[in-house]
Amino acid sequence: MTNGHLHPLTQFLRVSLNYFTERGFEIAEGPEIETEWYNFDALNIPADHPSRDVQDTFWLKGVKKVLRTHTTPVDVRAIKENKMQPPLRLIIPGRCYRNEATDQTHEHTFYHLDGIVIEKDINMGHLIGLLDDYVKHIFGKDVQTRVRPHLFRFVEPGLEMDIKLPDGSWREMLGAGMAHPVVLKNAGIDPEKWQGIMWGMGIDRFMMQYFKINDIRLSYSGDLRFLKQF
C-alpha cells in the first residue's frame, strides 16, 4: 500500500497560512454560497458594476445569492457576525468561482487567500512591507517585486504587486490597498478611529510559480501522473 500525500494546492496553502499565523493572524472562513450583499454591496461594488453580470458571476436561480467570486466577503462577514473589535488580523482561505473561459492561467474554480488588518495607525508602507516579505518568504529573498496603482472598489488607494520572472518579464500576483471607509462601516468599524489594509491573492497562480507548473488546469485534472510529482 502506498501512502497518500497532500495536493500541491494544499501544500502551498499551508505554507502561506503558517507565514501569517506566525505573525498573529487568525484564520477565518465563510460560505461558498454567498449573499449579494456580502459579495458585492458590503464591498462598495455598485449595482451596475460589470463583475455582477452573468458573464462573470455564477448566480443561483431565484435568490439573490452567488457562488462567491472571492473570499473578500468574509472580511466583512467574520468581523460583523462575530462582533470582532479592532485591532485585529484575519487571513481567509477558500474556494471561489468565476464564470470565465479556462486557459493555462485561468480556471472557473480557484482558491483565494484574503487578508485584512485593522489598527489605528496602519498605512500603505506597512501593507507593502508585509506583502513584499511574504513574497520573499515564498520565492526567496532575491525575488524582485514592484507595485502599481490599481482600482479595486473595496480599497482606496489600491495597488497590484508584481514579481520579476527569471526571463526578465513581470507577472501580476495580487491586489491590495487601504480598506475603503464604506467597507469598514459595513463591518461595524468606525473609519474615523481605525484604518485597515486588505489584500487578495490567487493561490493557484502562486502555487504554479512555486512548483514551476505551466498550466493551471493540471491542478484540477485528477491525473495521478501529475499529482504524484508532489
Task: Phe20 side chain reached by Arg89 side chain, heavy atoms, under 4.5 Å - done: no
Open item on the list: Just by distance, no angles: are the side chains of Asp56 and Thr69 close enough, under 3.5 Å, to form a donor-acceptor pair?
Closed with: no
- [ ] May I ask you to test the Pro157-Met124 pair for a side-chain heavy-atom distance under 4.5 Å?
- [x] yes
Open item on the list: Out of the candidates Leu90, Asp114, Ile92, only one should pair with Val74 under the side chain to side chain contact (heavy atoms under 4.5 Å, CB included) rule; please name it.
Closed with: Ile92
Task: Aromatic contact, His137 with Tyr19 (centres under 6.0 Å) - done: yes
Task: Donor-acceptor side-chain pairing of Asn186 and Tyr38 below 3.5 angstrom - done: no
TODO: Could you give me the CA-CA distance, side-chain angles and deciding distance for Tyr97 and Phe110, then say whether ring-ring contact (aromatic ring centres under 6.0 Å, His included) is met?
DONE: CA-CA 6 Å; Tyr97 310 84; Phe110 59 96; 7.9 Å; no
Task: Test: Lys64 cationic atom under 6.0 Å from Trp37 six-membered ring centre, within 45° of axis - done: no
- [ ] Test Thr57 against Asn99 for side-chain hydrogen bond (donor to acceptor under 3.5 Å, both in side chains), laying out the working first.
- [x] CA-CA 5 Å; Thr57 299; Asn99 190 9; over 6 Å; no
Open item on the list: So Leu127 and Trp199, do their side chains get closer than 4.5 Å, heavy atoms only?
Closed with: yes
Task: Side chains of Arg77 and Pro31 in contact at under 4.5 Å (non-hydrogen atoms) - done: yes
Open item on the list: Using side-chain hydrogen bond (donor to acceptor under 3.5 Å, both in side chains), reason through Tyr111 and Thr71 one step at a time and then give a plain yes or no.
Closed with: CA-CA 9 Å; Tyr111 282 82; Thr71 53; over 6 Å; no
Task: Cation-aromatic face contact Arg23/Phe25, 6.0 Å, 45 degrees - done: no
- [ ] State which residues pass salt bridge (Lys or Arg N to Asp or Glu O under 4.0 Å) with Asp162; sequence neighbours excluded, sorted by chain then number.
- [x] Arg146, Arg148
Task: Residues which pass salt bridge (Lys or Arg N to Asp or Glu O under 4.0 Å) with Arg95, listed by chain and number, not counting sequence neighbours - done: Glu32
Open item on the list: Aromatic contact between Tyr134 and Phe206, with the criterion being ring centroids under 6.0 Å apart: yes or no?
Closed with: yes
Open item on the list: Any non-hydrogen side-chain atom of Leu88 less than 4.5 Å from a side-chain atom of Val117?
Closed with: no
